[in-house]
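Heads up, the thing below is written out as structure tokens.
Here the structure is a predicted model, which means the values were calculated and not measured.
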Amino acid sequence: MNNFFIKSNFAKIAIIITLSILLRIYYFYYLDSWFDEWNMLYTVDPNISNQETWKRFFGDRGDNFLPEYYPPLNAFVLKYFLKFTGYYTESARIYSLIWGCLSTVLVYILSVSISKQRHDFLATFLFSINLFLIWQSSEIRPHAFVVFFSLLNIILFVKLINKKLNIFFILFYITTSVLMLSSWPFALCIYFGKTLYISIHRNIKKISLIKFFLIFLIILILYILINYEYLIYHLQRDDHYTKLKLTFFVNYHFRSFFASIFLGAIFLILFAILFIKYIKKNIYSKDDSNILFYIIISSYFLTTLYSIFKAGVISPKYVIFILPLIIIWISYKIKNIKYGLAISYILIFFNLVNTSYLFFKSPIDRPPFKKLINIITKSGTLNVVTNDNMVFNNALKINKTFSQNKLVLIDIKSQTITEKEFWFVCLNNARFEFGNALLPTRKECKIINNNKQFLEIENIEISDFMLKRFIKND
């Protein structure tokens with residue numbers, strides 16, 4: 001009987017993890033890239049030197065200037081991943097997908113570590129179908145990478161405060177801590193939360209302050225030494241696009257974290273009730289879930305403080321690492337309240353409905369590259385002329401279907417058009433920049449029409465793009 005129970009539990013978690021992977025792959029399959037990802041892809045070109053990568057990281061875009069503000073660690077890891085898998089948008093997305101899928105396993109391990117119950121599946125299931133996390137698992141940005149290392153580090157921290165472990169484990173913990181902090185500056189919130197937790201729980205958990213002081217000091221010194229230039233560069237920045245607004249104090253990112261106002265409100269109200277109901281236990285008890293609580297609260301506190309006194313950093317993506325912790329904390333706490341099982345089923349139901357209904361309704365409007373390339377390929381005219389910047393041109397040509405269909409890119413800013421027939425592709429008032437506003441056609445999209453050498457024979461407008469087919473005027 002016991003053997004059957006173990007096998008049954010293994011089957012359940014295997015099904016949940018498989019579901020998580022399939023949902024992320026399904027979303028990945030239909031996804032196009034957008035502006036932020038174009039810049040990331042331009043930076044991590046595996047065919048250039050590391051010196052050139054650093055130039056691009058600090059803003060060199062060939063024909064314009066736009067610096068990156070995320071730490072360079074993920075960029076270089078992705079660059080070398082693309083060396084082996086091929087320099088394609090799809091390969092870069094697979095990279096993020098891997099970290100996103102692996103994080104599902106870590107959520108299960110962390111929730112088991114907190115609850116001490118091997119059949120604790122609720123948090124893992126809610127994580128698997130969380131729409132915000134599904135979206136971010138395919139984003140060509142550091143977010144999935146950050147979530148993975150944050151979860152891994154917290155798992156190791158839970159073990160470290162509960163057991164006497166050898167020097168090799170401590171060294172591994174230090175390494176993952178430095179990696180976590182080097183992957184995202186806001187991961188310092190995790191560091192702060194753990195420090196606060198140890199300071200308050202040192203007696204009840206019998207924690208050696210000297211031991212942890214030395215470990216944390218080594219981590220901090222290594223982090224600063226490795227990331228000194230980046231920290232100076234980042235701290236000089238006194239402006240962010242994510243300003244602190246009063247609406248933040250209404251939803252605390254929950255609207256974004258759970259992809260809708262309705263579901264975000266359910267989780268926020270539940271979080272508030274569980275916090276107030278068990279306020280003493282949440283602040284001071286042997287319960288390991290307090291670690292998650294301290295990290296969550298510290299993250300909100302520090303980002304709000306930084307936004308008030310330095311620069312606005314109120315974005316759900318900046319603190320994405322607290323979303324799995326919120327899910328695990330709520331899933332664990334509702335087991336101790338009346339009707340906890342019923343509430344669990346309600347959460348599962350509404351999450352499933354929310355994910356099913358909003359699956360492809362990402363808040364970011366992405367230019368339909370796949371549709372664009374499909375139109376061009378079907379026409380039989382394989383020459384593609386652009387008048388856009390190098391970042392856009394690069395993003396277009398590293399789509400795998402662009403290469404597979406043997407399309408040829410011609411940049412008229414640096415090349416002469418000698419082809420008798422071609423498509424002119426123009427990014428026209430992209431939604432990610434202008435929203436759905438009705439604007440006149442950009443003058444850049446009319447540049448070929450002003451050239452009497454060419455005759456326009458076809459004109460197609462799709463979201464974000466204007467496509468014009470030309471032949472040479474004999």
Check for me whether Lys397 meets the cation-pi criterion with Phe402, that is, NZ or CZ under 6.0 Å from the six-membered ring centre and within 45 degrees of the ring axis.
no
Over 60° means perpendicular and under 30° means parallel, so classify the ring planes of Phe267 and Phe258, tilted if in between.
parallel
Does Ser111 use its side chain to pair, donor to acceptor, with the backbone of Tyr108 at less than 3.5 Å?
yes
With a 6.0 Å cut-off on the ring centroids, do Phe149 and Trp184 count as close?
no
Are any of the side-chain nitrogens in Glu444 or Arg442 under 4.0 Å away from the carboxylate oxygens of its partner?
yes
Both conditions, 6.0 Å and 45 degrees, for the charged tip of Arg61 above the ring of Tyr42: are they met here?
no
Around atom OH of Tyr357, are there more than 12 heavy atoms from other residues, nucleotides or ligands closer than 6.0 Å?
no
Close side-chain approach of Phe192 and Tyr197, heavy atoms under 4.5 Å
no
Is there side-chain contact between Tyr278 and Ile337, with heavy atoms separated by less than 4.5 Å?
yes
Taking the six-membered ring of Phe121 as reference, does the NZ or CZ atom of Lys12 fall below 6.0 Å from its centre and within a 45° cone about the axis?
no
State which residues pass ring pair (Phe, Tyr, Trp, His ring centres under 6.0 Å) with Phe301; sequence neighbours excluded, sorted by chain then number.
none
Given the side-chain rings of Tyr252 and Phe248, with only the six-membered ring counted for Trp, is the space between their centroids under 6.0 Å?
yes
Answer yes if the side chains of Asn290 and Lys281 hold a donor-acceptor pair under 3.5 Å, and no otherwise.
no
Does any donor atom in the side chain of Thr89 or Arg93 lie under 3.5 Å from an acceptor atom in the other side chain?
no
CD1/Ile364 to CZ/Phe35 distance, rounded to the nearest 0.5 angstrom?
12.5 Å
Thr377 side-chain N/O to Asn374 backbone N/O, donor-acceptor pair under 3.5 Å:
no
Tell me whether Arg141 at atom CZ has more than 12 heavy atoms from other residues, nucleotides or ligands lying less than 6.0 Å away.
yes
Pair Phe28 + Trp135: ring centers closer than 6.0 Å:
no
Can you measure from CG (Leu409) to CG (Asn393) and round to the nearest 0.5 angstrom?
5.0 Å
Testing the 3.5 Å rule here: is there a donor-acceptor pair between the side chains of Thr53 and Lys79?
yes
OH/Tyr345: more than 12 non-hydrogen atoms of other groups inside 6.0 Å
no
Basic-acidic side-chain contact under 4.0 Å: Arg366, Glu139
yes
